[in-house]
K.L.:
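Here's a structure for you.
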Amino acid sequence: MSKRVKIKHLIKEGQPGEKVTVSGWVRTFRQNRFISLNDGSCLSNMQIVVDFENMEESIIKSITTGAAISASGEVVESQGRGQRIEIQAETIEIHGLADPDKYPLQAKRHGLEFLREIAHLRFRTNTFGAIFRIRHSASFAIHKFFNDRGFYYMHSPILTGSDAEGAGEMFQVTTLPLNDVPKTEDGEVDYKQDFFEKATNLTVSGQLEAELGALALSEVYTFGPTFRAENSHTSRHLAEFWMIEPEVAFCDLEDNMNLAEDMLKYIIQYVMDHNREDLDFLDNRLQQEEKSKPQHQRSPMALIEKLEFCLANDFERVSYTEAIRILMNSKPNKKKKFQFVIEEWGADLHSEHERFLVEKHFKKPVILYDYPKDIKSFYMRLNEDGKTVGAMDILFPGIGEIIGGSQREERLDVLLSRMKEMDIPEEEMSWYLDTRRFGTCPHAGYGLGFERMILFVTGMANIRDVIPFPRYPGSAEF
RNA sequence: GGUCCUUUAGCUCAGCUGGUUAGAGCAUCUGACUGUUAAUCAGAGGGUCCAAGGUUCAAGUCCUUGAAGGACCGCCA
């Protein structure tokens, strides 16, 4: 096995006359002669030509879709069209059989919902191979982007004793026996007897901890799993998802927007440069799918076209106030076509409004900023007008909110009064407030939902199909 | 948490207004062919029509309840 060559390398570099060994999983075996072998290194398969007259019959019988094999032989120029080279097999070693009566994957297209039920095997399809190679690339690109700019990768805790992050419902973590929970005298759960001697949860955000890091290391980012126990039934929410949260000292909202836009474009460019074959495949797959849809439901741009457009154009930066003006003057608002008609400044924007701005009005990614303080979190910096905070959301076509961020409130007195307004207990946040007591400075950051980014780059429709083992209400299989 | 949709062969689906023995393509198996690449040709096997109850002379088809899956809304990334 030491001489094994990856198919990706062979396709690029392989020369006729070389003796090679390739290992992988059989996709199809045609005419007892042609094996299409995939090893996951790239989308393309290597064609192995078998001389079945001179091959043991038990081996020929074992070459079925899904079987794991190694093939050794000489690289030759392919006589057929469709590939530059192929391998003339001299020996074939069978590592693992796949009973064709029971193996659920066939050389045909399966529905995504069926594949979700066999998520442990869906890696072996072209579509999911492409998605997870792209997911890897995007993940690597994010580390490279921040590393090249002098950011430090900071590991924020996954188990947290802080319950004031305010980003959503939390999963409780405990070692207390659920069928016999110890109680205090007044009938409350006695967390003193729990593992951490206090109530703990899975993190919903690493932001507050990242702020602590940024106020010493200047520029940090987190990239880790995040957990929200929201009962969300949509195609863009997960109970366990990966989030990227950069936090930058001496940075205002505009710097923050610039960083976010640069990062998103960098990721897209990186994937375009390194995963072209996978993108072409997904693009093609999507176009086939579009053909079966009625005209008005078809997307205006193909996948790669959409990514290129995104790279070539500045994101539209619009203040909340301006967005409200546009929405109030819009046709659907005037004709009361919106489910929630915008009546006045201060209204919360629903996804129908965001979609109108992104998909109908501007037709490109939009950054909305300076939201009313009443609809945003306590840590966002109060603007001079006293009414708005330095928040920004980046909205992508077809996805909605992909990034949420803000300049943080660095002034202790303002932060304390905001916390009081919003009933955030001061005692529990003293560690956070210390950064404002000692050497506070302007700083800003944001959170990127990694799976939403992958959704956009792959053109997939459901977030459950861009993470290997999705977690959502009622589902924690595998 | 709310609204709506779907469930028929291993997979993707058709099945009209309720009416004989429930169909197709792909996959599988057998045979033919052997430079194919979604191979082709011939044949075969494969069904708890999601479940339970009801209406009816008659239910895959209509009704009720439940289950599973999905879409959208709210919450957000």
K.L.:
Is any side-chain N of the basic residue among A:Glu53 and A:Arg33 closer than 4.0 Å to the acidic one's carboxylate O?
P.N.:
yes
K.L.:
Which comes earlier along RNA chain B counting from the 5' end, the contact point of A:Asn231 or that of A:Trp242, where each point is its nearest nucleotide?
P.N.:
A:Asn231
K.L.:
With a 4.0 Å limit, can you tell me whether A:Ser351 has a side-chain N or O closer than that to the phosphate oxygens OP1/OP2 of B:G74?
P.N.:
yes
K.L.:
Given pairs defined as Watson-Crick or G-U wobble with both distances under 3.5 Å, what dot-bracket annotation applies to RNA chain B, with ( ) intrastrand, [ ] crossing, | other strand and . unpaired?
P.N.:
(((((((..((((.....[...)))).(((((.......))))).....(((((..]....))))))))))))....
K.L.:
Flag the pair A:Arg408 and A:Glu247 as a salt bridge only when some basic side-chain nitrogen lies within less than 4.0 angstrom of an acidic carboxylate oxygen.
P.N.:
yes
K.L.:
Below 4.0 angstrom from OP1 or OP2 of B:C73, is there any side-chain N or O of A:Arg236?
P.N.:
yes
K.L.:
Counting only side-chain nitrogens and oxygens, does A:Arg355 get under 4.0 Å of the OP1 or OP2 atom of B:C73?
P.N.:
yes
K.L.:
Output yes when at least one side-chain N/O atom of A:Thr65 is less than 4.0 Å from OP1 or OP2 of B:A27, else no.
P.N.:
no
K.L.:
Which nucleotide in the set B:C76, B:G35, B:G70 lies at the smallest distance from any side-chain heavy atom of A:Arg116?
P.N.:
B:G70
K.L.:
Treating A:Lys363 as the side-chain partner and A:Lys360 as the backbone partner, does any N or O pair qualify as donor plus acceptor under 3.5 Å?
P.N.:
yes
K.L.:
Would one find a side-chain N or O of A:Ser232 under 4.0 angstrom from OP1 or OP2 of B:G74?
P.N.:
no
K.L.:
If you go through the side-chain atoms of A:Gln31, does one of them form a donor-acceptor pair with the base of B:G35 closer than 3.5 Å?
P.N.:
no
K.L.:
Taking all non-hydrogen atoms of both residues into account, name the closest pair between A:Asp348 and A:Ile375 and its distance.
P.N.:
OD1-CD1, 3.6 Å
K.L.:
Please indicate yes or no: is the ring centre of A:Phe241 less than 5.5 Å from the centre of the six-membered base ring of B:A77, with the two planes inclined by under 30 degrees?
P.N.:
yes
K.L.:
Ignoring backbone atoms, establish whether A:Arg464 has a side-chain N or O less than 4.0 Å from OP1 or OP2 of B:G70.
P.N.:
yes
K.L.:
Side chain of A:Ser235, heavy atoms from C-beta onward: which of B:C75, B:U36, B:C72 has the nearest atom to it?
P.N.:
B:C72
K.L.:
Calculate, to the nearest 0.5 Å, the distance between atoms CG and OG belonging to A:Leu212 and A:Ser156 respectively.
P.N.:
10.5 Å
